[in-house]
Amino acid sequence: MAFQPIVDARDESIFGYEALVRSMDGGSAADVIAQVHPEQLYRFDQTCRVKAIETASRLGLRERLSINFFPNAVYEPATCIRLTLSAAQACGFPTEKLIFETTEAEQMRDRLHITRIFRDYRARGFLTAIDDFGAGYAGLTLLADFQPDLLKLDMALIRGIDTDPVRQAIVRGVVDIGTSVGSTVLAEGVETVAEYQFLRSLGIALYQGYLFGKPQLEALGSVDASLWEHLRLPATASE
């Protein structure tokens, strides 16, 4: 597993880490998932959850841990979560620190099914998140059915947002919607100071992206204090 930091700009702290599966030779999550046959999806989903918790616990993670799940692999929430809970208990990892996120870009066979999964997870005290919001099949319809704790903006909306009025308008609208329905917006894929400073001007507090740290194999990266000092300064044209 690789781990990428999620930061909170309000107090310049680490909010949590997202666990990302990697191949033995360092291949991306997409490379790994492409090799998973449909009949193996449930076992793969369960294995990744356990591996993420076990590795995070071994590395001494004390912040939140965000784990991706495949809604089409979950047939019954209460049954499918048992192995996850057992792994957390065995490792001494507090379940209230877990975030479960699923990507909006994955076509969902049954929207009501994922809503039921999310509601079950929330009832158990987990945080919930929709990843890649604005890029996929479900969009606002899924948000109308269930309001997750976190809306993770798709990085395609973030790229170059400091100079793109259309992206600015879209993201501003999503922030307004998130505030109205009680979901916190997280900007994912932030790479430049200028992108960050524009997004911060919209009131977004949570960030993830190469600006703050790349995913690190079997390690929990930190954010250097000098970066935060730099981010407090006005952006320059070169940034």
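Proximity of a side-chain donor or acceptor of Asp45 to a complementary backbone N or O of Phe70 within less than 3.5 Å is detected. Put simply, the side chain of Glu218 gets close to the backbone of Met1: a donor and an acceptor are under 3.5 Å apart. Side-chain atoms of Ser183 come within 3.5 Å of backbone N or O of Pro148 as a donor-acceptor pair. Within the 3.5 Å criterion, the main-chain N or O of Ala156 finds a donor-acceptor partner in the side chain of Arg167. In terms of modelled atom types and a separation under 3.5 Å, the side chain of Gln147 and the main chain of Leu143 share a donor-acceptor contact.
In this structure, Phe69 and Phe100 have perpendicular ring planes: the angle between them is above 60°, well past the 30° mark. Classified by interplanar angle (parallel below 30°, tilted 30° to 60°, perpendicular above 60°), the ring pair Phe126/Tyr121 is perpendicular.
For the pair Phe198/Thr163, no side-chain contact is recorded, criterion being any heavy-atom separation below 4.5 Å from C-beta on. The side-chain heavy atoms of Val190 and Glu195, taken from C-beta on, include a pair separated by under 4.5 Å. Here the side chains of Glu191 and Arg159 are in contact, with some heavy-atom distance below 4.5 Å. The closest side-chain heavy-atom distance from Phe118 to Asp145 is not below 4.5 Å. Inter-residue side-chain proximity for Asp31 and Ser23 is flagged as unmet; no heavy-atom pair is nearer than 4.5 Å. When side chains are defined from C-beta on, Thr55 counts as touching Phe3, because their heavy atoms get closer than 4.5 Å. Between Ile117 and His113 the shortest side-chain heavy-atom distance falls below 4.5 Å.
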### Task
Applying side-chain contact (heavy atoms from CB on, under 4.5 Å), run through Phe15 and Ile99 and close with a yes or a no.
CA-CA 11 Å; Phe15 176 82; Ile99 304 171; 4.0 Å; yes
### Message
Using side-chain contact (heavy atoms from CB on, under 4.5 Å), reason through Ile33 and Phe44 one step at a time and then give a plain yes or no.
### Response
CA-CA 9 Å; Ile33 295 169; Phe44 178 76; 4.1 Å; yes
### Query
Does the side-chain contact (heavy atoms from CB on, under 4.5 Å) test come out yes or no for Ile158 and Glu188, once each step is laid out?
CA-CA 7 Å; Ile158 302 301; Glu188 190 174 29; 5.9 Å; no
### Query
For Asp162 and Val193, what are the C-alpha separation, side-chain angles and deciding distance, and is it a side-chain contact (heavy atoms from CB on, under 4.5 Å)?
CA-CA 9 Å; Asp162 53 293; Val193 173; over 6 Å; no
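Between the OG1 atom in Thr115 and the CG atom in Leu142 there is a gap of 5.5 Å [rounded to 0.5 Å]. Atoms CG and CG, from Leu206 and Leu199 in turn, are 12.0 Å apart once rounded to the nearest 0.5 Å. Note: Leu20 CG to Gln216 CD = 12.0 Å, rounded to the nearest 0.5 Å. Atom CD of residue Glu101 and atom CD1 of residue Ile67 lie 9.5 Å apart, to the nearest 0.5 angstrom. Distance check: Ile6 CD1 to Ser13 OG gives 11.5 Å after rounding to the nearest 0.5 Å. Tyr196 OH to Leu227 CG: the interatomic distance, rounded to the nearest 0.5 Å, is 8.5 Å.
The cluster map of Ile, Leu, Val, Met, Phe, Trp and Tyr, joined by side-chain heavy atoms under 4.5 Å apart, puts Ile161 and Leu186 in different clusters. Hydrophobic clustering places Tyr17 together with Ile53 (ILVMFWY residues linked when any side-chain heavy atoms are closer than 4.5 Å, directly or through intermediates). Hydrophobic clustering (ILVMFWY, side-chain heavy atoms < 4.5 Å, transitive): Val50 and Leu85 are in distinct clusters. Leu231 is not connected to Tyr210 by any chain of hydrophobic side-chain contacts under 4.5 Å among Ile, Leu, Val, Met, Phe, Trp and Tyr, and they are in different clusters. Put simply, Leu153 and Leu151 are part of the same group of oily side chains (I, L, V, M, F, W, Y) that touch within less than 4.5 Å, one to the next.
Scanning all heavy atoms of the two residues, the minimum distance from Ala78 to Asp120 falls at N-OD2, 4.3 Å. Leu127 and Asp149 get closest at one heavy-atom pair: CA-OD2, 3.3 Å. Shortest non-hydrogen contact noted between Pro5 and Ile14 is CB-CD1, 3.9 Å. Ile204 and Val185 make their closest contact through CG2-O, 3.7 Å (heavy atoms, listed as atom of the first residue, atom of the second, distance). The two atoms that bring Thr102 and Ile114 nearest to each other are CG2-CD1, 3.3 Å, heavy atoms only. Minimum interatomic distance between Thr84 and Arg49 (heavy atoms only, all atoms of both residues): OG1-CD, 3.2 Å.
Test Gln208, Arg64, Gln4 against Glu18 for side-chain hydrogen bond (donor to acceptor under 3.5 Å, both in side chains) and you get one pass: Gln208.
More than 12 heavy atoms of other residues, nucleotides or ligands shown are found within 6.0 angstrom of CD on Glu96. In the displayed structure, Arg43 atom CZ is contacted under 6.0 Å by at most 12 heavy atoms of other residues, nucleotides or ligands.
Here Thr79 pairs with Tyr75, Glu76, Arg82 under the side-chain contact (heavy atoms from CB on, under 4.5 Å) rule; sequence neighbours left out.
Side chain to side chain, Asp176 and Thr179 fail the donor-acceptor criterion of an N or O pair below 3.5 Å.
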